Amino acid sequence: MDAMSSSACASWIRRPENKHLVIMGRAKTRSSPPLLEIFSFDPKTASLASDPLTRVLMGDEDGDPMGFAVHPSGDEIVCSTSIGCKLFVLDFEDLNIKLVSKDFSPLQSIGPQKCAAFSTDGSKFAIGGEDGHLRIFEWPSLHVLLDEPNAHKSFGDMDISLDSEFLASTSTDGSARIWKINEGVPLTTLTRSSEEKIECCRFSRDGMRPFLFCTVKKGAQVTTGVWDISTWNKIGHKRLLRKPASVLSVSLDGKYLALGSNDGDIAVVEVKKMEISHWSKKLHLGASISSIEFCPTERVVLSTSSRGGTVVTRLNVPADWKEWQIYVLLLGLFLVSAMIFYLLYENSDSFWNFPLERTQPAKTREAFFSDAQFADDQSPW
């Protein structure tokens with residue numbers, strides 16, 4: 001576990017060759033203005049560098065950073081602030097990294113945004129405000145696909161489906177809605193009882209199971225419900241965290257869910273079995289976890305809270321097969337198969353290795369082959 005205090009928000013930046021970065025936002029203090037920092041990540045030790053690669057000071061007119069939406073390419077970053085949104089671009093010059101601010105005037109002063117997300121293919125961008133306003137854009141043109149001021153009372157959570165067709169959103173009043181992105185219209189509202197509140201939502205990511213996962217609170221009991229996105233019917237639920245959940249996340253390969261609690265716990269669930277595989281208790285010193293995000297390639301999660309700052313945690317789950325390990329296994333199986341075939345060939349009295357008698361004519365062996373030359377429908381094989 002690696003922790004960095006005083007950061008208000010953080011997110012992974014996906015880079016080629018698994019050289020991923022982490023961006024952090026720090027709120028204004030008496031001694032320093034709000035700022036953004038980028039750190040390198042060491043997958044061997046599951047830790048962040050002690051010193052940032054680059055740092056950007058933000059002005060008072062920019063507001064305090066509240067969260068990030070990183071484009072899948074890793075080159076563009078939208079930072080939601082207490083005033084609106086700011087756009088930054090990563091600029092690589094030799095061995096140096098710069099975070100360059102770009103004009104984002106349409107969204108720079110729209111108020112605090114509770115949720116911001118890019119679609120998996122990077123072609124859509126959506127934000128949901130504390131005022132309940134939902135905006136969906138094409139990226140990077142910012143062509144408006146949906147502009148709904150009264151989508152919710154106030155946004156709770158939001159996610160875009162793997163195929164970029166649907167957007168799921170939850171409200172602080174406990175409701176949840178589904179939106180058709182390309183058509184820019186609401187599709188349906190998830191059913192719930194009057195005592196239930198749907199709080200967090202995430203779509204499945206494995207490409208095989210078209211599900212929507214949601215945390216559902218009913219009194220003091222919290223369950224994780226599953227909806228089939230082909231019918232939007234609830235098909236089941238399970239009590240996993242057994243305490244109020246503050247955040248929900250899903251790994252990029254869809255194999256794991258992560259739930260963060262209001263008292264600093266993190267539970268990681270294997271989707272196939274819907275059972276907890278890893279549990280870190282009081283990871284954030286009893287503070288409510290504000291965000292959890294899986295590393296793009298490692299079984300590591302990045303979590304933040306107001307008290308514990310940013311924490312990097314390696315998960316105690318079975319290791320995945322690396323690509324080179326798969327190739328070595330296949331090569332080994334091929335060599336073993338070839339050796340077994342050779343041994344059987346050398347030591348068996350098979351048709352192909354049938355010994356000829358000294359007095360047997362040589363063309364007797366040819367007769368076997370000619371006898372096998374039947375038409376396809378008469379073949380003895």
Side-chain angles (χ1 to χ4, degrees), residues 9-16 20-23 25 36 38 56 62-63 65-81 83-92 97-149 151-152 155 157-169 177-187 201-205 207 212 229 249-250 252 291 293-294 296:
C9 52
S11 184
W12 294 100
I13 301 175
R14 200 182 315 179
R15 300 307 306 165
H20 308 304
L21 307 173
V22 171
I23 183 170
L36 305 179
I38 292 181
V56 173
D62 297 323
M66 298 174 59
F68 299 103
V70 181
H71 192 271
S73 67
D75 295 328
E76 298 170 301
I77 303 168
V78 175
C79 175
S80 60
T81 73
I83 295 177
C85 294
K86 286 185 67 66
L87 174 64
F88 294 91
V89 175
L90 278 180
D91 185 14
F92 294 86
I97 298 177
K98 292 184 178 180
L99 199 59
V100 181
S101 177
K102 295 293 183 180
D103 178 60
F104 211 42
S105 52
L107 303 177
Q108 202 152 333
S109 303
I110 58 174
Q113 301 300 299
K114 182 66 181 297
C115 309
F118 283 100
S119 60
T120 303
D121 61 3
S123 64
K124 308 292 190 301
F125 174 67
I127 49 176
E130 291 185 356
D131 57 358
H133 196 147
L134 172 62
R135 298 173 175 90
I136 305 177
F137 306 91
E138 289 183 346
W139 191 268
S141 66
L142 290 183
H143 171 72
V144 177
L145 296 173
L146 175 67
D147 189 343
E148 178 51 68
H152 290 294
F155 264 79
D157 199 8
M158 181 179 71
D159 194 33
I160 299 175
S161 63
L162 184 63
D163 59 4
S164 305
E165 184 176 358
F166 304 109
L167 182 143
S169 60
R177 302 181 73 179
I178 307 299
W179 309 79
K180 287 272 289 186
I181 292 180
N182 290 329
E183 298 178 11
V185 295
L187 179 63
C201 61
R202 284 296 181 272
F203 283 98
S204 59
R205 297 285 171 188
L212 174 67
I229 70 172
S249 181
V250 61
L252 290 183
S291 71
E293 188 179 356
F294 285 87

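This structure is a prediction, so every number in the text was calculated from the model and none was measured.
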Return the minimal non-hydrogen interatomic distance between [X] and [Y], and the atom names on each side.
X	Y	answer
C79	P65	SG-CB, 3.8 Å
E130	M66	OE2-CE, 3.6 Å
A151	L134	CB-CB, 3.7 Å
I160	A126	CD1-CB, 4.3 Å

Sidechain-backbone polar pair: [X] side chain, [Y] backbone, donor-acceptor under 3.5 Å:
X	Y	answer
W12	E293	yes
H71	G122	yes
R14	S73	no
S80	C85	no
R202	M158	yes

* Asked: Could K114 and D157 be called an ion pair, given the rule that one side-chain N must be under 4.0 Å from one carboxylate O?
  ->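 No, K114 and D157 are not salt-bridged.
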* **Residues K124 and E138 bridged, charged N to O under 4.0 Å** =>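 A salt bridge is absent here (no side-chain N lies under 4.0 Å from a carboxylate O).
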* **Check: V144 and I136 side chains under 4.5 Å, non-hydrogen atoms** =>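 Heavy-atom side-chain distance check fails, nothing below 4.5 Å.
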* Asked: Is the shortest heavy-atom distance from the side chain of L146 to the side chain of I181 under 4.5 Å?
  ->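 Heavy-atom side-chain distance check fails, nothing below 4.5 Å.
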Any donor-acceptor pair under 3.5 Å linking the side-chain atoms of [Y] with those of [X]?
X	Y	result
R205	T120	yes
D62	T81	no
H143	S141	no

* Pair F118 and W139, ring centroids less than 6.0 Å apart ->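 Distance test on ring centres: under 6.0 Å, yes.
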Would you list the atom pairs, donor with acceptor, under 3.5 Å between side chains in residues 97-112 and any protein atom, with sequence neighbours excluded?
{"from": "D103", "atom 1": "OD2", "to": "S105", "atom 2": "OG", "distance (Å)": "3.4"}

